[in-house]
Structure formats: C-alpha cells, structure tokens
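Start at 1 and go down the list; that is how both ligands and their atoms are numbered. Quick note: numbers below take in every heavy atom, side chains included, and nothing from hydrogens, waters or symmetry partners. No experiment lies behind these values; they were computed from the predicted model shown. One is the number of the first residue; the rest follow in order along the sequence.
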Amino acid sequence: MAALEIREIGDSDTNDLATLWERCGLTRPWNDPDADIAFARTNDNSTVLGGWIGDALVASAMVGHDGHRGTVYYVSVDPAHQGSGVGRTIMEAAEDWLRGRGVWKLNLMVRASNTRVIDFYRSLDYETEERANMSKWLDPARRPAQED
Ligand SMILES: CC(C)(COP(=O)(O)OP(=O)(O)OC[C@H]1O[C@@H](n2cnc3c(N)ncnc32)[C@H](O)[C@@H]1OP(=O)(O)O)[C@@H](O)C(=O)NCCC(=O)NCCS
C-alpha cells in the first residue's frame, strides 16, 4: 500500500469527500453530504477522518460516540485503491480515535443491501450481534419517501 496519511478533514476537503462517497455508492437522495459532514464536525464527540495518498483523498470514516458506544459511518475507500489495506487502516484509525476518548465498544450498521461488506468487517474482528435495529425520525419532515 502506498503511504496513507490520515487526518481529520478540513473545510477545504468537503467537496472531495462528497465525491469520494459518491464514487463509493454511499450517498442517498435523503442524506445531504454537506449537512452530514458539517454536523459530524460540530461537536467534540465526532469527526470525519480522511486518508490521503499524496494529494488525493482516497478514504474516509465518520467516527463518533454518544457518551456510551462508538460508531462509524461513511467508511469508504476509492474503488481505485480498494483491496490494498486502506480500509483496514482507516478503520484502525477510527478505533484509535475512539479508544483515545475512553470508548470501549464500537457498534456499526450495514445496510441490508450491502451484505458483501460484512466480510470486510469480519476480517477486522467485528461480530454480528442479534439485535433489532430500531429508529425514529425525530424530525418527521426529513423522513424520505423511500429508504433502504
Ligand atoms: C468496504 C471497503 C471500505 C473496504 O475497503 P478496502 O480498502 O477494499 O479493504 P482492505 O483492503 O483494507 O481489506 C481489509 C480486509 O477486508 C477484506 N475485504 C475487503 N473487502 C471485502 C469484501 N468485499 N469481501 C470480503 N472481504 C473483503 C480483505 O480481504 C482484507 O482482509 P485481510 O486483511 O484479512 O486480507 C471498500 O470496499 C468500500 O469503500 N466499499 C464501498 C463503500 C462501503 O460499502 N462502505 C461500507 C459501508 S457500511
């Protein structure tokens, strides 16, 4: 793997980040990438880590905790760099970010339509837990007509 530099994304990185998520198939019509990035960067308990090879943003992981568990979203590696250890490295950085804040467990969700990524997480020692994943739109106006 070429040298990967990981750091928190800055204001000037948001367009590249949204493009990366698009290339990785992670964007959905009801999720505004700019709003999601801004919200994750608002508080001290969350951020977005980026991974650069040279000047190119090739990986990301939105990471945060809620005062109990940690989680990650938008874990992504540019298709041109997948399969060379970049995903493992950005996930390890996200785990370190959480450990550094005293968090001892990370929960993550995988969309039902993205089951192939489960093997990626398994190879990083993540386990599938039997849980019902429930949610509620606290702002019903933002509920999309269709979601997966
Ligand atoms: C999932 C993703 C981040 C993996 O990144 P990557 O850089 O290709 O992963 P790595 O090369 O670091 O692979 C790490 C390990 O996972 C395994 N792995 C990666 N993708 C895999 C897949 N689709 N199926 C099975 N194993 C996989 C690798 O074999 C490797 O195992 P090893 O270290 O024991 O050899 C990347 O494929 C991606 O961005 N996918 C599209 C976006 C996405 O679905 N994100 C997850 C949202 S929940």
Side-chain angles (χ1 to χ4, degrees), residues 1-10 12-43 45-101 103-137 142-144 146-148:
M1 180 177 67
L4 185 74
E5 184 192 345
I6 296 177
R7 61 177 185 270
E8 295 190 18
I9 65 138
S12 60
D13 301 318
T14 54
N15 285 346
D16 288 348
L17 188 59
T19 301
L20 173 68
W21 292 352
E22 188 75 38
R23 280 172 60 76
C24 291
L26 292 180
T27 51
R28 293 294 182 275
W30 55 86
N31 287 339
D32 174 358
D34 292 338
D36 285 356
I37 294 164
F39 194 47
R41 297 177 66 216
T42 298
N43 300 306
N45 63 332
S46 60
T47 190
V48 185
L49 300 177
W52 280 261
I53 294 178
D55 292 337
L57 179 65
V58 300
S60 83
M62 181 182 285
V63 58
H65 72 85
D66 56 15
H68 184 53
R69 301 300 190 214
T71 196
V72 288
Y73 295 97
Y74 290 110
V75 175
S76 53
V77 174
D78 188 291
H81 293 275
Q82 289 178 9
S84 60
V86 174
R88 175 183 288 277
T89 305
I90 196 87
M91 276 301 296
E92 287 172 351
E95 292 168 6
D96 285 344
W97 190 95
L98 290 167
R99 278 192 202 96
R101 286 155 182 79
V103 180
W104 59 92
K105 188 179 182 199
L106 192 163
N107 294 333
L108 60 83
M109 289 186 291
V110 175
R111 284 193 176 108
S113 57
N114 195 14
T115 48
R116 72 186 189 91
V117 83
I118 288 173
D119 287 337
F120 163 70
Y121 288 116
R122 284 212 175 106
S123 74
L124 272 55
D125 296 330
Y126 285 78
E127 301 165 13
T128 305
E129 295 183 321
E130 294 302 321
R131 301 280 190 276
N133 182 36
M134 302 180 72
S135 67
K136 177 178 180 178
W137 289 83
R142 298 184 68 161
R143 180 172 201 148
Q146 193 179 6
E147 55 187 311
D148 66 0

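Remark: side-chain polar atoms of Asp13 are paired, donor with acceptor, to backbone N or O of Gly10 under 3.5 angstrom. The main-chain N or O of Gly25 is found under 3.5 Å from a side-chain atom of Arg28 such that the two form a donor-acceptor pair.
In this structure the side chain of Asp16 never reaches within 4.5 angstrom of the side chain of Ile9, judged on heavy atoms. Using a 4.5 Å heavy-atom cutoff, the side chains of Val72 and Met62 are not in contact. Counting only heavy atoms from C-beta outward, the side chains of Trp137 and Arg142 approach each other to under 4.5 Å. A heavy-atom distance below 4.5 Å is not found between the side chains of Pro33 and Leu17. At least one side-chain heavy atom of Arg69 sits less than 4.5 Å from a side-chain heavy atom of Trp104.
Distances from atom 14 (C) of ligand 1 to the heavy atoms of Tyr74, Phe120, Trp21 put Phe120 nearest. Across Val117, Asp119, Ile118, Val77, heavy-atom proximity to atom 25 (C) of ligand 1 is greatest for Asp119.
Atoms of ligand 1 found under 4.0 Å from any heavy atom of Tyr121, numbered from 1 in the order shown, are 46 (C), 48 (S). Atoms of ligand 1 lying under 4.0 Å from any heavy atom of Gly85, numbered from 1 in the order shown and given with element: 10 (P), 11 (O), 12 (O). Atom numbering of ligand 1 starts at 1 in the shown order; those under 4.0 Å from a heavy atom of Ser76 are 39 (O). Every atom of ligand 1 is numbered from 1 in the order shown, and the set under 4.0 Å from a heavy atom of Val86 is 7 (O), 12 (O). Near Ser84, the atoms of ligand 1 lying under 4.0 angstrom from a non-hydrogen atom of the residue are 11 (O). Close approach to Arg88 involves these atoms of ligand 1, each under 4.0 Å from a residue heavy atom: 12 (O), 32 (P), 33 (O), 34 (O). Within ligand 1, counting atoms from 1 as listed, the ones closer than 4.0 Å to a heavy atom of Arg116 are 22 (C), 23 (N), 24 (N).
Here Leu26 contributes atom CG and Arg111 contributes atom CZ; the two are 7.0 Å apart, rounded to the nearest 0.5 Å. Atom CG of Leu106 is separated from atom OH of Tyr126 by 4.0 Å, given to the nearest 0.5 angstrom. Separating the NE2 atom in His65 from the CH2 atom in Trp97 is a distance of 5.5 Å, to the nearest 0.5 Å.
The closest protein non-hydrogen atom to atom 28 (C) of ligand 1 is Ser123 OG, 4.5 Å. The nearest heavy-atom contact from the protein to atom 42 (C) of ligand 1 is Cys24 O, 3.6 Å. From the protein, the heavy atom lying nearest to atom 45 (N) of ligand 1 is Val75 O, 2.7 Å. In terms of protein heavy atoms, atom 7 (O) of ligand 1 is closest to Gly87 N, 2.8 Å. If you check which protein heavy atom lies closest to atom 44 (O) of ligand 1, you get Asn114 ND2, 2.8 Å.
Protein non-hydrogen atoms do reach within 4.0 Å of atom 39 (O) of ligand 1. Distance screen at 4.0 Å: atom 35 (O) of ligand 1 has no protein heavy-atom neighbour inside the cut-off.
A salt bridge links Glu129 to Lys105: one of the charged nitrogens lies within less than 4.0 Å of a carboxylate oxygen.
At least one N/O-N/O distance between Gly83 and ligand 1 falls below 3.5 Å. Between Met109 and ligand 1, not a single N/O pair is under 3.5 Å apart.
The aromatic rings of Tyr74 and Trp21 sit parallel to each other, their planes meeting at less than 30°, with 60° as the upper class boundary.
Not a single heavy atom of Gly25 sits closer than 4.0 Å to an atom of ligand 1.
Of the heavy atoms in Leu26, only side-chain atoms (C-beta onward) come closer than 4.0 Å to ligand 1.
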